[in-house]
Amino acid sequence: MNKCSNASNQCLINKAQEEKIDLVWDRYEKMKPLCGFGEKGICCRICMKGPCRIDPFGNGPQEGICGANADTIVARNLVRMMASGTAAHSLHGKEIAKTLLHVAQKTSKSYQIKDAEKLMNIAKKMNIDIEGKDLYQIAEEVAYGSLTDYSRIEEEPCTWLSNSIPKKRLDKLRDLGVTLNNIESSVTDIMSRTHLGTDADPVNLLLAGLRCSLGDYTGMQISTNLSDVLFGTPEPVISEANLGVIKEDAVNIAVHGHNPLLSEIIVDVVDEMQEEAIKAGAAAGINIVGVCCTGNEVLLRRGIPMASNYLSQELTILTGALEAMVVDVQCIMPSLSKIASCYHTKLFTTMPDAKIPGATHLELHDEHAKENAREIVKQSIEAYKRRDTGKVLIPEGKNKIIAGFSTESIVGLLSKINKEKPLSPIIDNIVNGNIRGVVLFAGCNNVKITQDHNFVTMAKELLANNILILATGCGAGAFAQNALMNSEATNRYAGESLKAVLTLLGNEAGLEAPLPPVLHMGSCVDNSRGVDLAVSLANELDIDLHQLPLVASAPEVMSEKAIAIGTWVAGLGVPLHIGVMPPVEGSPLVTDVLTSGLKDIVDGYFIVEKEPEKAAAKLIQVIEEKRAALKITSTIEEGI
Ligand code: BF8
Ligand code: SF4
């Protein structure tokens, strides 16, 4: 194998150049200059009289052919992004809920209930009477109750929205008319009102977008919670990250996408097929690695190492040592197919709604999921025999990570310090200033930014200022890849008082070292875990979410799903930083609503700042303002 000690993956980018393979960064360069109308959101393709474009300099047309102005066009385009994001996340949740229903009705061949305690807690939360019912009856009611959030006719708010946020917040959203009774209707509503000649009022459109985005949130709650029932609630787990987790002497299979229904089965069947791989010459057997949010799901629950987040997904194949990439849905670059064809790598698609030309399609339906998973592993072992060892180049660096911080595992850990009031160690340390506040990092990588740069730069600054960081999605991937999710990172980057708290907690957890300064809470749908923790803190203090010294950041935001998340985060009252301007600048009105008007009605708002150093400073300022408003301005660094 050729050696590559460069942990930045540059060697693989160079390799791609030598092999004349275009990567995402090459395609980006070829795409330049990007369309200015599209970037500002003022291109409309909603009907075939157009496409229409508004001249941002005021010299050309200021209205489309139908008379829609820039405000209407920008708002329509933006809320359609929110609808797409909501559809993606909530369909994921619906698949999980349907699977739980099949398990409850004992018609599932491949899945079972792994966390009965969580199921009981959910039933209680949903006000389901569990008296005298067995586990399967309760699971059936939980599944039906959750699926009702996708189909309710009555005008009451979705169960998973109303049972998971503080009452004050729910009342505020209801008064504003943005609570929803039915996730799928909220998406239909956006597609309907943005049809040509329907809603032309930008503010009315944005409010509908907020309602739809709260559907995204509702779908995430369902995804996360019911996945925990089926696959287990994450507990702290030690693993590794970076492309170096791909092993030269193993049959390497990457699982990529979002839905744990696929990856869990693959991980399950691997153990029984290890011998076959060894017989084929792979001394280390079969090695599963994760990419994107599927990677986060199996990392948290199974300790599977993380090879890559979004932007470097193509490089996993460039290592020349990947036998198969198995994908489900979302954030899968279609380019993978072409790149895989330059190697021995098999690309498997597994979902009926996510096929890629050139890939092998093997659907993982419940009734034959295990057989198909075995077939995928078998073909991967076959592919190993075709591996060209001359083309193998695996970057050597890999980082230790501690992941698996579900709300339950955090509360469990804290209860070792205070059994009666488990949240008090966190609350006390926020009040006395040892922890100044919390930032939840979420969202994607974007080719417009050097991969992971904004995440890492901001985190170092925030940690030095004693701010605790939670992370999900590709944000979590960025921190995992850049050695910010282990005890050494706490010693290196955390301010003194934060370090003291994390050291105490790490010792209680039996690590004999500090907890990491960035806590990995999971995939993008697991942003619900961050909300759950924040809601527990807010309820304990009898305040609303916007009063907490809590902010969110998606410094390398890219996808429509992330736009939906950002909108509901603001709707829940939490200011949200984004490091890339969404396509709204063509309408000063829409830009103003997002960056300031929203604050007046829901307390949360968007902070757009491209420079990570400046963004960190702005977030610190917001946290300090929130502390001052709560009258917890103390800077005492003692008394943990
Ligand atoms: O859902 S963070 S690039 S992988 S959209 Fe996609 Fe963005 Fe990554 Fe996970 Ni979330
Ligand atoms: Fe043009 Fe109006 Fe049609 Fe959009 S809806 S393409 S602005 S005519």
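Owing to the predicted nature of the structure, the values given are computational and were not obtained by experimental measurement. All ligand and atom numbering here is 1-based and tracks the order in the structure.
Residue Cys524 approaches ligand 1 through these ligand atoms, each under 4.0 Å from one of its heavy atoms: 1 (O), 2 (S), 9 (Fe), 10 (Ni). Atoms of ligand 1 found under 4.0 Å from any heavy atom of Cys331 (numbered from 1 in listed order, with element): 3 (S), 4 (S), 5 (S), 6 (Fe). Ligand 1 places these atoms under 4.0 Å from at least one heavy atom of Tyr310: 3 (S). Short contacts between ligand 1 and Cys474, defined as distances under 4.0 Å to a heavy atom of the residue, involve ligand atoms 2 (S), 3 (S), 4 (S), 8 (Fe). Atom numbering of ligand 1 starts at 1 in the shown order; those under 4.0 Å from a heavy atom of Met558 are 3 (S). Shown in contact with Cys292 at under 4.0 Å from a heavy atom are these atoms of ligand 1, numbered in order with element: 4 (S). Those atoms of ligand 2 that come under 4.0 Å of a heavy atom in Leu196, given as number and element, are 5 (S). Residue Gly50 has at least one heavy-atom neighbour below 4.0 Å for each of these atoms of ligand 2: 6 (S). Per-residue contacts place Lys561 under 4.0 angstrom from the following atoms of ligand 1 (heavy atoms of the residue considered): 1 (O), 5 (S).
For the pair Arg53 and Phe37, the cation-pi criterion (under 6.0 Å, within 45° of the ring axis) is fulfilled.
A salt bridge between Asp189 and Arg211 is present, with a side-chain N of the basic residue lying under 4.0 Å from a carboxylate O of the acidic one. Salt-bridge formation is not detected for the pair Asp26/Lys30: no Lys NZ or Arg NE/NH1/NH2 atom is positioned less than 4.0 Å from an Asp or Glu carboxylate oxygen. Using a 4.0 Å cut-off between charged nitrogen and carboxylate oxygen, Arg302 and Glu264 count as a salt-bridge pair. Salt-bridge check for Asp526 with Arg529: passed, with a basic side-chain N closer than 4.0 Å to an acidic carboxylate O. Salt-bridge annotation for Glu39 and Lys448: present, with a side-chain N of the basic residue lying under 4.0 Å from a carboxylate O of the acidic one. Salt-bridge check for Asp228 with Lys118: passed, with a basic side-chain N closer than 4.0 Å to an acidic carboxylate O. In this structure, Lys338 does not pair ionically with Glu314, as no charged nitrogen and carboxylate oxygen lie closer than 4.0 Å. Using a cut-off of 4.0 Å between Lys/Arg side-chain N and Asp/Glu carboxylate O, Glu560 and Arg80 are scored as not salt-bridged.
Heavy atoms of Gln330 found under 4.0 angstrom from ligand 1: none, in either backbone or side chain.
Using a cut-off of 2.8 Å, one finds that Cys44 contributes no N/O/S atom close to atom 3 (Fe) of ligand 2. Here Cys66 does not reach atom 1 (Fe) of ligand 2: none of its N/O/S atoms is less than 2.8 Å from the metal.
Looking from atom 5 (S) of ligand 1 to the surrounding protein, the closest heavy atom is Ser559 OG, 3.1 Å. For atom 1 (O) of ligand 1, the nearest protein heavy atom (residue, atom name, distance) is His258 NE2, 2.6 Å. Closest to atom 1 (Fe) of ligand 2 among all protein heavy atoms lies Cys52 SG, 2.2 Å.
When Cys444, Ala476, Ala478, Gly85 are checked for heavy-atom proximity to atom 7 (Fe) of ligand 1, Cys444 turns out nearest. When the heavy atoms of Cys47, Pro61, Ala68, Cys43 are ranked by distance to atom 3 (Fe) of ligand 2, first place goes to Cys47.
Side-chain atoms of Asp452 and Asn309 form a donor-acceptor pair, as typed in the model, at a separation below 3.5 Å. Side-chain contact annotation: Ser263 with Glu297, donor-acceptor N/O pair under 3.5 Å absent. One side chain, His520 or Asn296, offers a donor N or O that lies under 3.5 Å from an acceptor on the other.
For Arg76, the heavy-atom gap to ligand 2 drops under 4.0 angstrom. Taking a 4.0 Å cut-off on heavy atoms, Gly443 registers as neighbouring ligand 1.
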